[in-house]
Every structure is written in structure tokens, then in C-alpha cells.
Amino acid sequence: MSQHVAGLSTHPDGALTDGFTLTADALRANGVGTMYGVVGIPVTDLARVAQARGIRYIGFRQEQAAGHAAAAAGFLTGRPGICLTVSAPGFLNGLVALANATTNCFPVIQISGSSQRSVIDLQQGDYEELDQLAAAKPFTKAAFRVDRPQDIGLGVARAVRAAASGRPGGVYLDLPADVLGATIPADAGRASLFQPVDPAPVQIPAPDSVARALDLLAEAKRPLIVLGKGAAYARADEAIRSLVEATGIPFLPMSMAKGLLPDDHPQSAAAARSLVLGQADVVMLIGARLNWLLDNGRSPRWSASARFIQVDVDPAEIDSNRPIAAPVVGDIASVMAELTRALRSGQVAVPAAWWDQIRERIARNVAKMHARLTAEARPMNFSTALRAIRDVLDDRRDVYLVNEGANTLDFGRDIVPMYQPRHRLDSGTWGVMGVGMGYAIAAAVESGKPVVAIEGDSAFGFSGMEIETICRYHLPVVTVVFNNGGIYKGDEVNAHSADPAPTVLLHSSRYDKLIAAFGGTGYQADTPDELGHALRAALDAGQPTLINAVIDPAAGTESGHLAGMNVTRSLQPAR
Ligand code: ADP
Ligand code: TZD
Ligand code: MG
């Protein structure tokens, strides 16, 4: 049974309530505490009413960053983040983030005002006219429009349930201007609001599927567990740790699952990634898809004869790339509980030879990495700059880390260890640029903890204006721009005209001076020492800071670790 929420709605008029008030109250009834967005016609009053009713409103400079912030809030809290946008162009700016959240399986709701339906539908040319519901549908998990004020409570509840249940995702909720402005009797409004019961119910796996998975693990000679960001999202940290430790199986975290078990855990095989992917004979995927980030499960990256166990809440994910021998469909917390319950003592044993092989490879790779990190490089390269950051963050394990770029991302993921679950946010499944400032803002707002955003200079540019937002809300966000003067590299020369090459950005840029314009603190860092000192000072101060870290323009590689995916020009005639 749903619980009706009494006594929420009132209007200055007393006897009446309106769409703005009903929306704010419906959000409160669903536990929403923060909203991210950009205001304008017709939603300005929605932000005002929400503020008046105790919802925190974080106003951005562009909707895409607000949408990314809402998505990160969803990932970090497990409840849908809310992004508020205006009609047509504002809606479309936000839609990129909504689609990205759906791809990442993050729960988020974009609430957008829209123009008058009768004018839109006859294409008569309203202010900011667009059929937003139709535009949103292909990019979202679900999309709804509320056409009557008395349906607002229902619309919000459906959006929350759709975003948070099963595989989480992005939901669009369209609120036309006339619905927001409409009034209805306050008692009818009150009666229309309710608090949904159990919006994200547990999904318990079938006992047979659990037994099949354990039987397969018991046969393994070279088992591997891969933890994905679904496992981080599931908040089953202790249960996952118990299973990993009870079985003794090596694990590999995907980038946003780093810290779910600490990166210095003795069973981490991260430093032997290629070896374990290539050699494992039984692989247990927990909240990780076999998409491009895992080479679609194909050989030669994986053994052709490897058999897979996949733990996922979405049954349609199973077999998406290669046959799965043991699908376990359910939410990860329930699956981990069932696996642990059903696991017999001594049922799964990892042969010592497998660990010997892994440890030997780890030792070799760690030695190679150590040489790169401690090299004397002037100007700094990615490794030496990240070593300075790593050393500071080793003492500040409460810090949330945001990371985007190409080389900046790839090196950052490998060099900076994580020790806490859900403390790393990055470009994710799409490898998208522009998430940085939105993710950093949400991490600071939702956690109250300091945030360090390690940003490629190109990546930073996609949402750089949000440093004003960071300063306006006094957020403890330290942005480190890895300024190598370009997309991947800054040393390309265009031989054909005086224009810069396509990959080139201004290496002389003083990004640190941007933040000074808004009252924040800027540092220029040319050496690892300067970078380390600036970062330590910034974290001690807890104030908005931007560090311009000058990196050798020749240091990167085109597309970072994805160099093999580049489509290069061929002068061979097509056959
Ligand atoms: P990564 O990029 O880290 O490899 P993916 O985003 O590809 O991770 O995969 C995450 C998977 O986790 C998705 O297939 C999603 O359906 C699944 N998932 C998300 N939340 C849960 C949950 N609570 N229980 C089970 N599976 C989940
Ligand atoms: N646009 C969007 C939205 N996402 C993208 N991924 C790209 C463009 C293409 N792209 C990448 O894949 S990485 C990248 C772009 C533009 C920027 C790389 O440059 P950087 O990082 O300065 O951020 P490095 O350290 O110089 O490699
Ligand atoms: Mg760059």
C-alpha cells in the first residue's frame, strides 16, 4: 500500500495549490534533497519554491554540467539525482547528460519545463518549441509527460521508480508550462501526493543459478572476479569483500569500481591485468558488462575457452557478447548474500600456481611502473605529475577523485590508487568529455568531502565555466588541469597553413588565472614538487582551487590507451 503524504501542500492563497508547489512537494515526498539545474521560462519558480520548501538548489552555467552532476549524485547516493532544465535548448543541453547516465546505469531524472502543447503539436512556433517527450525517448530508460496538475505526484513517483529500480538509468519528466502554473484545490493537491513504497525492490536470484555459479567456480584452475561500477553502485561492499576473501580469487576492478576493495588489497590483480584477462579459465563478472572496455569478451584479450559467470540485475545483458555459462540474475547485494550462504567450506580453492603466475607478473609490472614514476622529466610528463598527486592523496583517503581526458584518464586510472568505495568518478562507459566539473560539484555537495578533479586540458574546456559555480557555492574542489597543450598531445604542426593543427590547444594558457576571476585560488606547477605542494595547500585550505600543471606537449599518445581504435586515413582504393 502506498502512503499518502498529508500536510505538504499549501499555497499563498490557502485554499489553492499550483503545479510548482505540487512538484516541489512530490520531490520532497520522494526523498529528494538536492536539485541541479539552470532556470528560465517556465521553471524559475520551481527552483524558488523548491528552495523555500527545503530542497537545496545548485544553479549551473550550462545544463549539461548540471545533468552530469545529477547523474553523479544518483551514483553516489543510490537515489535518482534531479536535473532541472528549461524548454527546447536547455532541455537538449541536459539530454546529453541524461543519455550518458542511461549508458552508465546511473539513476537520474531530468525534469524539464516545456512550451504549450497545442502550439507545439501544430508547429505554430511557440517560444522554445520542441516535442521534448519524443526527443527524449530514444535516449532514456523511460520518459513521461504530466498533462494535469493532479497527476504531478504520480508522474514524479513513476519517474523515481523507473530511474532507481532494476537496472538504473535516466528518466525524462516533461512538465508543460501550463501544468506548472495551473491551480487546483489544496486538499485535492494534498490527496494526489504519495510516497511510493519500496521504489527499488530487491531482486533475489534463483537458487539454481547460484548453485550453478558455485559449481563452475569450484572447477576453476585460474579463476578471476571482475568488479564493475554496478558492483560499486549496489552498496554491497562488505558482502563483496567477504565473497572475494572467502574464495581467495584474484579480482580486477573496473575504473569506477576501484576502491570497492582497496587497491592495495592482497588479492588485487590490477597490476597483472593483461595476464589475468588472457589466462583466466572461469571469470565472474559482478556488475560489469562485456562491452568495449573489456574487449567485448573476445580473444585474444580473453581465452576463447574461458567460461563466464555474470551477476547482473538485467537479464537482457546476459549473452550480449559471448555465451555466459552461469548467469545469475538479481541485485548484487542479494546475489552476494545467496552465494555466501550457499558456498561450502573448501568448495572453491585457488591453485597456488595461478597466484604464483600473477604475483610474478605484478612484481615485474610494479618495477617497470616505479621506474616511470620516479624518472626525472622536465617538463613533467603524465607519470611524474600523477606520482606527485598520488603521494598527496595517499594521506587523504577521504578525497573524492574525478578524472577525465585521454592520457590524463588512462594514466590517472593506473597510477592513483583508491581505498574507499564510490570515491572515483570518470568518463565512464562512453568515454565522454565534459563530466568533470559536474561530477566534482555533485561529489562535494552530496558528500561534504573534498574533491580533486584531474582534468585533461581539452576535457576541462567542456565544462570549465562551472568553476564559477564551484566558487559561488564555496565547494572544496581542487581542479588540476593537465596542460599538455592539446587533445592527446600539443606538439602537432599543421604543414598546410598558419592555423594550428586539429589537436592543438594553447599550451601557454594560464588556467590558474581563470579561477582568480571568481575569487578562488590558482597555482602554476611546473615540477612534481610544486604540484604536490600546491595540492597539499589546496586540500588543507578546503577552498576552490585550480592548479595549472604544465605537462610536456610531446608526452601523450594519440587517443591514449585507445590508439588501436583510431581510424587512420587510407589511400588504398576501396574494394
Ligand atoms: P563497468 O563499466 O564498470 O565495467 P558497466 O557499467 O559496464 O560497469 O556495468 C554495470 C552493470 O551493473 C550493468 O550491466 C547493470 O545492469 C549492472 N547493475 C547495476 N546496478 C546493479 C545492482 N544493484 N545489482 C546488479 N547489477 C547491477
Ligand atoms: N567530445 C566528447 C563529448 N567526448 C569525447 N570523448 C570527445 C569529444 C573526443 N575526445 C576523446 O575521446 S579524449 C578528448 C576528446 C576531445 C580530449 C583529450 O585531450 P585532453 O587529455 O587534453 O583532455 P590528454 O591528457 O591531452 O590526452
Ligand atoms: Mg591535453
Side-chain angles (χ1 to χ4, degrees), residues 64 68 75 78 96-97 100 102-107 141 164-169 200 202-203 205 226-236 252-258 260 285-294 310-318 320-321 328-336 381-382 385-386 403-412 424 426-436 454-463 481-490 502-505 507 509 549 551-553 555-563 565-566:
Q64 192 182 118
H68 288 316
F75 172 73
V96 171
N100 186 59
T102 306
T103 303
N104 279 331
C105 313
F106 294 167
K141 185 177 172 194
S165 60
R167 170 185 277 180
V202 297
Q203 290 179 228
V226 177
L227 300 170
K229 58 181 166 315
Y233 177 76
R235 285 162 185 73
L252 197 64
M254 300 300 288
S255 67
M256 283 183 59
K258 275 164 68 77
L260 183 46
L285 301 166
I286 305 180
R289 286 170 284 187
L290 274 183
N291 56 17
W292 68 277
L293 286 157
L294 287 171
Q310 184 160 26
V311 179
D312 205 290
V313 74
D314 184 356
E317 184 57 40
I318 310 298
S320 59
N321 283 274
V328 190
V329 174
D331 74 89
I332 287 165
S334 301
V335 174
M336 290 302 117
N381 60 34
F382 292 96
L386 283 158
N403 192 190
E404 63 172 337
N407 295 282
T408 304
L409 176 76
D410 293 332
F411 283 89
R424 184 185 156 91
D426 66 27
S427 302
T429 301
W430 264 352
V432 71
M433 299 299 116
V435 292
I454 307 176
E455 300 273 308
D457 50 347
S458 165
F460 172 70
F462 286 76
S463 65
V481 176
F482 271 33
N483 181 354
N484 67 342
I487 297 176
Y488 318 129
K489 285 167 86 79
T503 54
V504 163
L505 303 170
H507 192 232
S509 299
I551 307 285
D552 184 351
T557 45
E558 183 139 330
S559 302
H561 288 190
L562 302 182
M565 284 170 88
N566 275 317

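In this chain, numbering begins with 1 at the start of the sequence shown. Ligands are counted one by one from 1 in listed order, and the atoms in each one are counted from 1 as well.
For ligand 2, the atoms lying closer than 4.0 Å to a non-hydrogen atom of Asn407 are 24 (P), 25 (O), 27 (O). If you number the atoms of ligand 2 from 1 as listed, the ones under 4.0 Å from a heavy atom of Phe382 come out as 25 (O). The atoms of ligand 2 that sit less than 4.0 Å from any heavy atom of Ala406 are 13 (S), 18 (C), 21 (O), 24 (P), 27 (O). Set against the non-hydrogen atoms of Gly287, the atoms of ligand 1 under 4.0 Å away are 8 (O), 9 (O), 10 (C), 11 (C), 12 (O). Per-residue contacts place Asn484 under 4.0 angstrom from the following atoms of ligand 2 (heavy atoms of the residue considered): 26 (O). Close contacts of ligand 1 with Tyr233, meaning ligand atoms under 4.0 Å from a residue heavy atom, involve 20 (N). Shown in contact with Gly405 at under 4.0 Å from a heavy atom are these atoms of ligand 2, numbered in order with element: 21 (O), 23 (O). Shown in contact with Asn291 at under 4.0 Å from a heavy atom are these atoms of ligand 1, numbered in order with element: 7 (O). Remark: ligand 1 atoms within the under-4.0 Å shell around heavy atoms of Arg167 are 13 (C), 14 (O), 15 (C), 16 (O).
For atom 23 (O) of ligand 2, the nearest protein heavy atom (residue, atom name, distance) is Ala459 N, 2.9 Å. With hydrogens left out, the protein atom closest to atom 26 (N) of ligand 1 is Val313 N, 3.1 Å, a heavy atom. Of the protein's non-hydrogen atoms, Ile332 CG1, 3.2 Å is the one closest to atom 25 (C) of ligand 1. At the shortest separation from atom 17 (C) of ligand 2 among protein heavy atoms lies Ser458 OG, 3.4 Å. Annotation: atom 25 (O) of ligand 2 to nearest protein heavy atom, Thr408 OG1, 2.6 Å. Taking atom 15 (C) of ligand 2 as the reference point, the nearest protein heavy-atom neighbour is Met433 CG, 3.8 Å. Looking only at protein heavy atoms, the nearest one to atom 19 (C) of ligand 1 is Gly230 CA, 3.7 Å. Nearest protein heavy-atom contact of atom 12 (O) of ligand 2 is Tyr488 OH, 4.1 Å. Annotation: atom 23 (N) of ligand 1 to nearest protein heavy atom, Ala234 CB, 3.6 Å. Scanning the protein for heavy atoms near atom 22 (O) of ligand 2, the closest one is Asp457 OD1, 2.6 Å.
For Arg289, heavy-atom contacts with ligand 1 shorter than 4.0 Å involve the backbone as well as the side chain. Under 4.0 Å from ligand 1, not a single heavy atom of Val226 appears.
Leu260 places none of its side-chain heavy atoms less than 4.5 Å from the side chain of Pro253. Using a 4.5 Å cut-off on side-chain heavy atoms (C-beta onward), Arg424 and Ser255 make contact.
Residue Asn483 does not count as close to the Mg ion (ligand 3), with no N, O or S atom under 2.8 Å. Metal site remark for the Mg ion (ligand 3): Ile551 contributes no N, O or S atom at a distance under 2.8 Å.
At least one donor-acceptor pair under 3.5 Å links the side chain of Asn407 to the backbone N or O of Thr557. Asn483 contributes no side-chain N or O that, together with a main-chain N or O of Ala549, makes up a donor-acceptor pair within less than 3.5 Å.
In this structure, of Asp331, Asp312, Val311, Val335, the residue bringing a heavy atom nearest to atom 15 (C) of ligand 1 is Asp312. With distances taken over non-hydrogen atoms, the option nearest atom 2 (O) of ligand 1 out of Lys229, Met254, Gln203, Met256 is Lys229.
In this structure, Gly434 has no heavy atom closer than 4.0 Å to ligand 2. Not a single heavy atom of Gly560 lies less than 4.0 angstrom from ligand 2. By the 4.0 Å heavy-atom criterion, Gly330 is counted among the residues contacting ligand 1. In this structure, Phe462 has a heavy atom closer than 4.0 Å to ligand 2.
Its N, O or S atom nearest to the Mg ion (ligand 3) is what matters here, and for Asp457 that atom is OD1.
Note that CG of Leu505 is 8.0 Å distant from CG of Asn484, once rounded to the nearest 0.5 Å. Atom CG of Leu227 and atom CG of Leu252 lie 8.5 Å apart (nearest 0.5 Å).
On a distance-only criterion, Gly431 and ligand 2 share at least one N/O pair closer than 3.5 Å.
For atom 9 (C) of ligand 2, no protein non-hydrogen atom is found at a distance below 4.0 Å.
The aromatic rings of Phe75 and Phe106 are tilted relative to each other, their planes meeting at an angle between 30° and 60°.
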